[in-house]
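The sequence lines fix the lettering, A, B, ..., with proteins before strands; numbering per chain opens at 1.
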Protein chains: 4
Amino acid sequence: MPRKPGTADRAGGGDSKSQRTRARILDAAAHVLSVKGFAGTRLTDVAEYAELQAPAIYYYFPSREDLIEEVMYCGIMDMREHLQKTLDALPPGTSPMDRISAGVEAHLRHELELSDYTTASIRNSGQVPEHLRTRQKKEEAAYGRIWQGLFADAIADGEIRADLDPRMARLLVMGALNWAAEWWEPRRDSVEDIVTNAQILVRNGLSPSPAPKRRAR
Amino acid sequence: MPRKPGTADRAGGGDSKSQRTRARILDAAAHVLSVKGFAGTRLTDVAEYAELQAPAIYYYFPSREDLIEEVMYCGIMDMREHLQKTLDALPPGTSPMDRISAGVEAHLRHELELSDYTTASIRNSGQVPEHLRTRQKKEEAAYGRIWQGLFADAIADGEIRADLDPRMARLLVMGALNWAAEWWEPRRDSVEDIVTNAQILVRNGLSPSPAPKRRAR
Amino acid sequence: MPRKPGTADRAGGGDSKSQRTRARILDAAAHVLSVKGFAGTRLTDVAEYAELQAPAIYYYFPSREDLIEEVMYCGIMDMREHLQKTLDALPPGTSPMDRISAGVEAHLRHELELSDYTTASIRNSGQVPEHLRTRQKKEEAAYGRIWQGLFADAIADGEIRADLDPRMARLLVMGALNWAAEWWEPRRDSVEDIVTNAQILVRNGLSPSPAPKRRAR
Amino acid sequence: MPRKPGTADRAGGGDSKSQRTRARILDAAAHVLSVKGFAGTRLTDVAEYAELQAPAIYYYFPSREDLIEEVMYCGIMDMREHLQKTLDALPPGTSPMDRISAGVEAHLRHELELSDYTTASIRNSGQVPEHLRTRQKKEEAAYGRIWQGLFADAIADGEIRADLDPRMARLLVMGALNWAAEWWEPRRDSVEDIVTNAQILVRNGLSPSPAPKRRAR
DNA sequence: GATGAATGAGCATTCATTCAT
DNA sequence: AATGAATGAATGCTCATTCAT
């Protein structure tokens, strides 16, 4: 039962056995959290998934809440880093709408392929008590701001319909993407296809009607 | 907080006090469920919200699970009825895309204005154990089939871009709508505005580019 | 297994079954606490002694700590009331030293005959965390002040040796009394005898050497 | 904080580093035990106070219970040795009551100045399970016998009031001394003063009434 | 119809103890 | 000689559920 990568490095120090156990617990927590929700996440289940005994968790995390807090935080933090990296890698002249398309792909790929963390983070935003979301909310805001920037640029370039409210349009788009985790079944649809469909939908949904059709991406 | 009928028959008699108490409990359960999630829904909280004592619930429902099952079922069932009624009320000649637009409005209004049931049902689809979702899943499928029909009609009339996969497009659209419950704040946005923005986004996202029929991408 | 009386009335309302259960739990807690100490007091043991299941305790007390806090508080409060009543019942002209003697008897009788509460309270003063002792400390101080008064009167009347420090003398006396609970075995010594011996010891220990010997009490 | 020998032989070798670590652990245990009580004494706390990790304790003691047993034993054993030494050092002709006075001083000084062991031993007599007190009880009895002897001698010399029961008088006196640990605050009272007051109280408390002014101290 | 009282199952957490290193 | 890592046995506490009234 191979664990997700991607967290081991986050924990700081070297790649000792201890580091790996900690990461394994975090991964397990992300998994359980994404499936069972905040209140349904039992340390017993986390432990079982991480292949150790529940009390061992306390060697690495001070409490269930701290563990969950970290999962929630890592969720969007990873997502934001991933999006930022993707955008930074785009060639300088890329048009705002193309950048949005790239963002759509980044978001979907991270959400669907990489990470229980993201789904955990997304699905439980509403259920986790406020005091566990301080760090997460900061990241969420930062993530939102990136998208705001993308939209603002597109508007400045006249690439977004004037009859759309930028904020609502953005949130509706994010919703379409976030919700994908709820219905996506790996066996049925390729991420590839979902990305393509989402990009078409978003691009056309946002673009002014008599769109001066440029080539995408 | 008027509650839907549709449960009235299940409880037996007319609109007695008993009926109303039962409805109050169901409402309360929907509310708590939509906020706290499946595992976080405690009968104590439900009872408090319904202004009675927890054991009283057992007079109306055999168990916590049954209560939740019913909320989940009612959520999607009400939604379907609402959508169906809206569509049936449309004038005969209404174009498929206009019917989709009407569906978007119906979905959003029901989700945001009317009902904790719908949000409870939507948010907890992934958390409630399978055996409590038998009826709900049937309704979900039925609800999906209505939308499938709407999309099929639109495709038949050439109102949906050929480069979109009908199923994925539909699911992405539903996601945008469903997610609205996560970010909507009554004080900030009017449902009116959300509806309008969603309709624009969906209509343009789905419609073929109006330009001299080649195709994009 | 007959429970101690003396608490039922303290709980306020009538003498309902609920009242009695609450008192039974409190009594049991006092007993266990006096024997096992603060950290050693397990709710399981309390429950067993009170002849119910541990979670039932939570129906009457919000937490283990609250339960213990109440025992500790009741301990000295009862003691203080008992002492005060005894002193108030003394004939007006009673000499200070005779009043001290009466106090010695009151203290010993309450400690040895009546109450696990007092022993619990006395023995655990040092072990119970500060924040649980707010009420108790107030009572303790009040109790101490009564004795201070008794000693002050005796000094004013020249009934206490000048070479004794009033405070230390008082604390040493209290120690002799408090400690009796540690060695007293009902089968071996009668309370009667302990009282007599303590009274002799205290009276002579405190009185100026060439004492104008009056008869006691 | 110099620790008593007397345990040295039990550990084998000379005064190696190992010896000192063992003593440090024992000291720490005595300290924690005297403050938190039997059930409240956690190896973690002992270890922290001894400046090492909890599992290290097992290198020196087979179990928590053994460690505590030894503290309890040492407490009373040290006390007995101390008392015995003090008495042995008294000049041959010393009167019984003067010997008692010397005993009072020895007891108080050891309890207050020297030793967490004694307070641990005294305070936890009632809380530590019987099977850990075998050695301690033997010592306690021995210690008691010394005092019994002192009292017997005093009685033989007519230095103790006939209306006092020797055993109860002795236990009451011991209580006054033992309890001092509960209220003594180094900053407020000097041990000197406590000793003086206790000696006065005890001597006068025990002595026959019209003491024809023979000795002062 | 509804509540007060109580229970049993389960969960987070603590802690003595073990073991490999 | 000592520690990091892990575990099993408790223990406090919560919560759905029952039952007598």
Check your understanding: Are C:Leu43 and C:Leu67 close enough, and set up right, to give a side-chain contact (heavy atoms from CB on, under 4.5 Å), and what steps lead you there?
Key -> CA-CA 10 Å; C:Leu43 290 193; C:Leu67 172 57; 4.2 Å; yes
**Study point:** Test salt bridge (charged side-chain N to carboxylate O under 4.0 Å, His left out) applied to B:Arg42 - qualifying residues, sequence neighbours left out
**Key:** B:Asp45
Point to revise | Nucleotide F:dA10, atom P - distance to CZ of D:Arg42 in whole Å | key: 19 Å
Can you tabulate the close N/O pairs, meaning under 3.5 Å, that link protein atoms to atoms of nucleotides 2-4 of chain E?
| unit_1 | atom_1 | unit_2 | atom_2 | d |
| --- | --- | --- | --- | --- |
| E:dA2 | OP2 | B:Tyr60 | OH | 2.3 |
| E:dT3 | OP2 | B:Gln53 | N | 3.2 |

Point to revise | Gap between atoms CZ and P, on D:Arg64 and E:dT18 respectively (whole Å) | key: 14 Å
Check your understanding: C:Lys36 NZ to F:dG12 P: how many Å, rounded?
Key -> 12 Å
Exercise for review: Salt-bridge test for A:Arg133 and A:Glu69: reply yes if a basic N is under 4.0 Å from a carboxylate O, no otherwise.
Suggested key: no
Exercise for review: Report the nucleotide, chosen from E:dT17, F:dA16, F:dT11, that has the shortest atom-to-atom distance to any side-chain atom of B:Thr44.
Suggested key: F:dA16
Point to revise | Whole-Å gap separating P (F:dA2) and CZ (D:Phe61) | key: 13 Å
Check your understanding: Is the closest side-chain heavy-atom distance between B:Lys137 and B:Glu130 below 4.5 Å?
Key -> yes
Check your understanding: Is the backbone N or O of B:Lys36 less than 3.5 Å from a side-chain atom of B:Arg123, with the two atoms forming a donor-acceptor pair by type?
Key -> no
Check your understanding: Want to settle it: does A:Thr41 or D:Thr41 sit nearer the 5' end of DNA chain E, counting the closest nucleotide to each?
Key -> A:Thr41
Check your understanding: Which one is paired to E:dA20, where only Watson-Crick or G-U wobble pairs with both distances under 3.5 angstrom count?
Key -> F:dT3
Practice item. Could you state the atom-to-atom distance from CD of A:Glu48 to P of E:dC11 in whole Å? Key: 12 Å
Exercise for review: Check the distance between E:dT14's C1' and A:Leu43's CG and give it to me in whole angstrom.
Suggested key: 13 Å
Check your understanding: Between atom OH in D:Tyr58 and atom P in E:dC15, what is the gap in whole Å?
Key -> 13 Å
Point to revise | Side chain proximity check, D:Gln127 to C:Val35, heavy atoms < 4.5 angstrom | key: no
Please list, one pair per line, the donor and acceptor atoms closer than 3.5 Å that link side chains of residues 52-61 of chain C to other protein atoms, with sequence neighbours excluded.
none

Practice item. Determine which nucleotide pairs with F:dC15, using a 3.5 Å limit on both distances of a Watson-Crick or G-U wobble pair. Key: E:dG8
Revision key, fill the gap. Separation of F:dT17 atom C1' from B:Glu65 atom CD, nearest Å, is 13 Å
